[in-house]
2 protein chains.
Amino acid sequence: MLATEFKEAITAADRVLVQIRTAIVEGEIPAGTKISEPELARRYDLSRAPLREALARLERCHLIERTPNAGARVVKLSIEGLRSLYQLREELEGLACRLAAEHMTEQEIAEVRALLDQHLSTQRVREGESYYQEAGDVDFHYRVILGSKNPYLINILSDELYFLVRMYRVQLGMNGPRVSRAFDEHKAIINAIANRDGELADLLMRRHIAASKRNIEQQLLQQGTSHG
Amino acid sequence: MLATEFKEAITAADRVLVQIRTAIVEGEIPAGTKISEPELARRYDLSRAPLREALARLERCHLIERTPNAGARVVKLSIEGLRSLYQLREELEGLACRLAAEHMTEQEIAEVRALLDQHLSTQRVREGESYYQEAGDVDFHYRVILGSKNPYLINILSDELYFLVRMYRVQLGMNGPRVSRAFDEHKAIINAIANRDGELADLLMRRHIAASKRNIEQQLLQQGTSHG
DNA sequence: AAGCATCAGATTGTCGACAATAATAAGAAA
DNA sequence: TTTCTTATTATTGTCGACAATCTGATGCTT
């Protein structure tokens, strides 16, 4: 829904979707929690009808898992889940890069470059605040995905998979030297796209995502061994 | 839902989902039709609550398009839509092949081969009946997709994209020599997987899908020029 | 004491009705 | 006659209540 979230009328189901989704992604509702419809309805002050609509969409982006007559649980983060997710993400964002190199206008490319410069400057000011890095990164990837001009690809990546990706990143964090390296990798990717070199952009994106995966993987391993 | 459709309890929303989905895929409810909730509720003899649940899932697999406060329409088939869809499908089923070559057990491979032989024999009897070809093809692809063992990939391909793929194929048909050729291509793909040659399986699958796309594309072009 | 059946409590699935919004038709002004 | 306004109608979004199902505890049997 991210792509179409601000078009047209906004309904109560849309509002509560954004609220619950944010709560799950940021860990306010912890991973693995049982979802109680009556409780959430009270908490967000609405009836169960729009709430269930929101839950259906949360299931769609793999943030919750429902079993008929038994209710829903917030998804748990795991190494296998991370690997499956990023395996797919590498492939799809690689494809997005090839298509973006073909379809993005010079205008759009210039906008992404401006965006990167802007992110770099705000990052220098806000050194260490991982939220800005997170937001900037999502923004960059989002632009490239849109640049593919393939509606199904855009839908899958930005409306379905990306909230789960963000959940892994927000809850397990981006640490150390990766934060600054990511900027350079973004620059290299947009340069390849600007040169209409789809193959290179694809390769660079895959490596970029693989590096990000290794980073999160380590966090997961550390966390798993420290109190397991 | 295809992967989990027969597990657990079956609800009224599940039943009507299957009914409406079939009606749309097979063209009983024509492409582009406006969906009226009260009408469908009467027609399938249930209340609007489970119907709306079903509509939400139909939107998820791109069979209908909803706009807030304005209702839903059955999706229209178009050349651009077909190209975007198959572009993604090539990539994802290619990936599925590489993963299947890595993860499928000998047992599973043997089962797929038995399936192909069985399809071939029933096809010889039912020469010309495209429905059996359709069912057999879907079955083959479904097995390979499952063989990837990547839950997100399985979900996207078989629960989201495949009903739209089937809609294109059922409504625009598979004609001429492709029907028999597809069998050989399936054989070659499972052979590559059995040899654990993921790269070859990937390549063959992409060509297989590209050929299928060209076939449907021609039908669409003919149809578009004949009475446009 | 362990395991199974039964029952109470809570939760999900479904229903019919109401409120809010959009589409349509009728009428007035140019 | 055309176009804008307005009113009517129908549709979607939301609500509270009921029915069906699952969960957990209690008591009984072996």
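All chains are named by letter (A, B, ...) in the order of the sequence lines, taking the proteins before the strands, and each is independently numbered beginning at 1.
- Figure legend: B/R166 and B/F163 shown without cation-pi pairing, the cationic atom not lying both under 6.0 angstrom from the six-membered ring centre and within 45 degrees of its axis.
- The distance between atom CD1 of A/I10 and atom P of C/dA22, rounded to the nearest whole Å, is 12 Å.
- Following rounding to the nearest Å, B/Y44 (OH) and C/dT14 (P) show an atom-to-atom distance of 16 Å.
- Residue A/S47 places none of its side-chain N or O atoms closer than 4.0 Å to OP1 or OP2 of D/dT14.
- A/Q218 places no side-chain N or O within 3.5 Å of a backbone atom of A/N215 that could act as its donor or acceptor partner.
- Nearest to the side chain of B/P38, among D/dT12, D/dG13, D/dC15, sits D/dT12.
- Nearest to the side chain of B/T11, among D/dT11, C/dT14, C/dT11, sits C/dT14.
- A/H62 and A/E160 are not linked by any side-chain donor-acceptor pair at a separation below 3.5 angstrom, with hydrogens and angles left out of the test.
- Using a 4.0 Å heavy-atom criterion, one finds that A/L55 contacts no nucleic acid atom at all.
- Ranking D/dT14, C/dT11, C/dA22 by closeness to the B/N69 side chain, first place goes to C/dA22.
- Residue A/A70 has its side chain nearest to D/dT23 when only D/dT14, D/dT23, C/dT12 are considered.
- Look at CG on A/D45: it is 14 Å from C1' on D/dG16, rounded to the nearest Å.
- Here A/A49 lies in heavy-atom contact (under 4.0 Å) with a base.
- Set against C/dT14, D/dC15, D/dT12, the side chain of B/P50 has C/dT14 as its closest nucleotide.
- Distance from the side chain of A/K34 is smallest to C/dT12 among C/dT12, D/dC15, C/dT14.
- Toward the 5′ end of DNA chain C lies the nearest nucleotide of B/E53, the other residue of the pair B/R48 and B/E53 mapping further downstream.
- In this structure, A/R73 places its CZ atom 14 Å from C1' of D/dC22, rounding to the nearest Å.
- With C/dT12, D/dC15, C/dC15 as the candidates, the nucleotide lying closest to the side chain of B/L46 is C/dC15.
- Nucleic acid contact for A/L51: none, since no nucleic acid atom lies under 4.0 Å from a heavy atom of the residue.
- Cation-pi contact between A/R143 and A/F140: absent, since separation from the ring centre below 6.0 Å together with deviation from the ring axis within 45° is not met.
- Ranking D/dG13, D/dT11, C/dT11 by closeness to the A/S36 side chain, first place goes to C/dT11.
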